[in-house]
Amino acid sequence: MRRNKNREETQQNWFAILGLVLLVVVLAGVVHLLYHAEFAETATPNDCFAAPASARATGETAVPKVVCLTFDDGPSAHTPEILAILEKEHVPATFFVCAQDANEAHMDKIADIAAAGHQLALHSATHQYSKIYRSTDAFWQDIKQLREALSPYVDADALTWLRFPGGSTNTVSHKYGGSGIMKRLKAQAEERGLHWIDWNVCAEDATASHPNAAQILRNIQRDAEGRDTCVVLLHDTKATGQTVKALPDIIAWFREQGYTFCTVSAMNDLQK
Ligand SMILES: [Zn+2]
């Protein structure tokens, strides 16, 4: 009898342990689902950085609100003004730079961007979709050309962040490299140890409608609504003087909303 009882107790213990294991597995599944529900909400799908589960979804209040200001297509004649505003406001930013003809006279500002402590990242040498998306080889050749153009000013081999021209979900590339080109490029970026990132807040400051500073701020406020993690797409070109004009107000608005500014790589480290 005693032996049977012991066996029963042992069996009960095993059932309890099994129950606990099942509970942990189910809970892990729920957390995973919540995470992906948040992730799926971003307008631009991006599996390169993890958006934290929102405070509202989990009922917690400790999730920090983070914003990354990102400037594409520079350097330009406006880079010094952008750097001056960022320095005055103590705001770090990320610059996805190019080496097109329009950038040529401003390449020395690459060193200024780095010296000010901002993150330098890769965008494209030529930024011509018909060239860079013709094939994966053509794309990486363009990135090699960009690194060469940057190398007099910074350690270009140390740059590990990339933004695909047109974003990782662009379809314009299909016309030149077929419908699978972005998928192949994303896989190859990973193989090369590169991180890539899109954006989920668009200033629309480089569109044909040429919005003024007030409209640029409104575009940002519209896209940032309800997001705890914002990656803001801005531009640093000859044509985006209104972006410079809007920048102090953009910074003030995110600050009022309780966001912390950081670079893209710092945000990625925060979310590990
Ligand atoms: Zn661009």
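Hydrogens, waters and symmetry mates play no part in the numbers below; they use all other heavy atoms, side chains included. Each ligand, and each atom within it, is numbered from 1 in the order the structure gives.
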Can you find a heavy atom in the side chain of Ser209 that is under 4.5 Å from one in the side chain of Glu204?
no

Check: Asp228 and Val66 side chains under 4.5 Å, non-hydrogen atoms:
no

Listing by chain and number, which protein N, O or S atoms are under 2.8 Å from the Zn ion (ligand 1)?
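Within the sphere that stays under 2.8 Å of the Zn ion (ligand 1), the protein atoms of type N, O or S are Asp73 OD1, His123 NE2, His127 NE2.
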
From the list Thr243, Leu247, Val244, side-chain contact (heavy atoms from CB on, under 4.5 Å) with Glu81 holds only for Val244

Evaluate the criterion side chain to side chain contact (heavy atoms under 4.5 Å, CB included) for residue pair Phe261 and Arg255; output intermediate values, then yes/no.
CA-CA 8 Å; Phe261 295 88; Arg255 208 160 252 157; 4.0 Å; yes

Selection residues 98-117 - residue pairs positive for salt bridge (charged side-chain N to carboxylate O under 4.0 Å, His left out), sequence neighbours left out
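Applying salt bridge (charged side-chain N to carboxylate O under 4.0 Å, His left out) to every pair that reaches into residues 98-117, excluding sequence neighbours, yields nothing.
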
Please check if atom NZ in Lys65 has more than 12 non-hydrogen atoms from other residues, nucleotides or ligands closer than 6.0 Å.
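Counting other residues, nucleotides and ligands, NZ of Lys65 exceeds 12 neighbours.
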
